[in-house]
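This structure is a prediction, so every number in the text was calculated from the model and none was measured. Atoms within each ligand, like the ligands themselves, are counted from 1 in listed order.
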Amino acid sequence: MATSLLRVPPPQGLLRPLAVPERLLLGPGPSNVPPRILAAGGQQLLGHMHPEVLQVMDEIKAGIQYAFQTQNRLTLAISGTGHCAMEAAFLNLLEHGDTVLVAVNGIWGQRAADIAKRLGANVHELLKPPGEYFALWDIEEGLVRHKPSVLFITHGESSTGVLQPLEGLGKLCHRHGCLLLVDAVASLGGAPIFMDQQEIDILYTGSQKVLNAPPGSAPISFSNQAREKMLRRKTKPPSFYLDMGWLANYWGCDGEPRRYHHTAPINSFFSLREGLAMLAELGLESSWERHQANCAQLCKGLRELGLELFVKEEKARLPTITTVRVPEGYDWKDIIAFLMDNHAIEISGGLGPSVGKVLRIGLMGCNSTSGNVDRVLRALRDALGCCRRSRL
Ligand code: PMP
């Protein structure tokens, strides 16, 4: 007679082996993880305060300083994805009633404004249509009108494929007593960025794009001016987990003995360390050149297929993620499904304001190769031949 008290049986799905198909991930992220990084993440655990792990964290900090081109002491990786770094930046910088200016030309500005509003900030949005970028005078007008303490802008707008020029922006913000906060989740390692030279105060990225590590850790760095603003806070940051004072100590950035804050995702850190190591070995300049060259090859091929690039100006195209308009007579979902079903290739539709308008093709880190450009172009040619909808 069954005497078990259990009323919920073990789920059938969990009693089968894990099945992970092979796919080429050419969407806007995550990108494929190369064997070296997979192996690093598959290492046995150590205690999260063991000296070997602290050493890995120190190496990660140095790797981020190289990738960001910064000497900032307050440089570390958040235990979370890009959104977590975004929230960490805002909730440590802002107090209730602070004024923030958010440059919105795609979904990331929209999300940033949402996060800042939830924190009780006084949020002003500078708007540009998707596919366009901000000029210095657009920003200056906003700075003069709203006198914000922080400006948020996205370097690589992954929802639209726009690369935001950053030259002169930090200086401009500082002239107006404002800190510059930049999202480089989709661009870091794929397009030049120089945190110190460009006077960026807060910069963050994610692990799963050009760095080719699994999602789950997010490099971030704060300038001295940003640190000073955080030190002047009258109230504690509204999150314990993302409190930069605690994290700075945990990451050995404050010169004090390290104290337990949270149990770090150690294997994510192993993977991130390898991703940063691979970038350091390749060299930033080679990485930027590689992304640029493969993006140019992709754009040329897309045009030859009769597709229209969404971002008009060549220099404003993000080298990591290319957007094309959904061609007339096609449903974007059919094209994406065709590539997945027939070629095991992921590409993506639009996001936020670009939904239904574009297809997005990502070539990031190890995925940015000439061979992958040829593969995705062949698959798209096939899709264009097969997916045209007959007129109703
Ligand atoms: N910012 C940008 C520019 C991004 O492309 C992404 C991810 N697509 C994020 C932020 C959010 O990162 P995550 O999905 O890792 O939270």
Side-chain angles (χ1 to χ4, degrees), residues 25-33 64 67-68 77-91 102-116 118 128 130-134 151-166 180-191 193 200 202-221 239 241-242 265 268-269 271-272 275 291 295 310-311 316-323 346-355 358-365 367-368:
L25 302 181
L26 301 185
S31 36
N32 292 93
V33 179
I64 299 170
F68 284 10
I78 301 281
S79 302
T81 69
H83 278 91
C84 214
M86 201 169 184
E87 297 222 287
F90 277 118
L91 69 85
V102 179
V104 183
N105 57 345
I107 197 170
W108 302 109
Q110 293 176 349
R111 293 242 164 132
D114 183 346
I115 291 170
R118 285 167 194 247
K128 279 272 176 195
E132 294 186 16
Y133 60 87
F134 294 87
L151 168 76
F152 171 93
I153 201 158
T154 311
H155 186 221
E157 225 316 331
S158 56
S159 66
T160 61
V162 168
L163 180 69
Q164 170 65 45
L166 296 173
L180 174 59
L181 163 56
V182 176
D183 177 321
V185 173
S187 56
L188 186 92
I193 193 161
I200 298 168
I202 309 96
L203 181 62
Y204 63 85
T205 190
S207 52
Q208 76 275 26
K209 308 242 178 186
V210 170
L211 292 175
N212 290 128
S217 58
I220 192 166
S221 180
S239 159
Y241 188 62
L242 296 175
S268 294
F269 289 175
S271 307
L272 177 61
H291 284 85
C295 172
F310 185 64
V311 180
R317 288 186 198 131
L318 181 57
T320 45
I321 297 165
T322 299
T323 42
E346 179 200 44
I347 65 163
S348 168
L351 183 67
S354 64
V355 171
V358 300
L359 296 169
R360 297 184 292 160
I361 303 159
L363 295 166
M364 290 184 273
N367 276 359
S368 174

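When atom types are taken as modelled, the side chain of Arg360 and the backbone of Ile321 share no donor-acceptor pair closer than 3.5 angstrom. Side-chain atoms of Ser271 do not come within 3.5 Å of backbone N or O of Ala213 as any donor-acceptor pair. A donor-acceptor pair under 3.5 Å is formed between the side chain of Thr205 and the backbone N or O of Ala184. Asn367 places a side-chain N or O within donor-acceptor distance of the main-chain N or O of Leu25, the cut-off being under 3.5 Å.
Remark: Thr154 engages Trp108, Phe152, Glu157, Asp183 in a side chain to side chain contact (heavy atoms under 4.5 Å, CB included) (not counting sequence neighbours).
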Where does ligand 1 get N/O contacts under 3.5 Å from the protein, atom by atom?
unit_1   : atom_1 : unit_2 : atom_2 : d
ligand 1 : 1 (N)  : Asp183 : OD1    : 3.3
ligand 1 : 1 (N)  : Asp183 : OD2    : 2.7
ligand 1 : 5 (O)  : Ser158 : OG     : 2.6
ligand 1 : 5 (O)  : Lys209 : NZ     : 3.2
ligand 1 : 8 (N)  : Lys209 : NZ     : 2.8
ligand 1 : 15 (O) : Gly82  : N      : 2.9
ligand 1 : 15 (O) : Gln208 : NE2    : 2.7
ligand 1 : 16 (O) : Thr81  : OG1    : 2.6
ligand 1 : 16 (O) : Gly82  : N      : 3.2
ligand 1 : 16 (O) : His83  : N      : 2.9
ligand 1 : 16 (O) : His83  : ND1    : 2.6

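Lys209 has its side chain within reach of Val185: a pair of non-hydrogen atoms, C-beta onward, lies under 4.5 Å apart.
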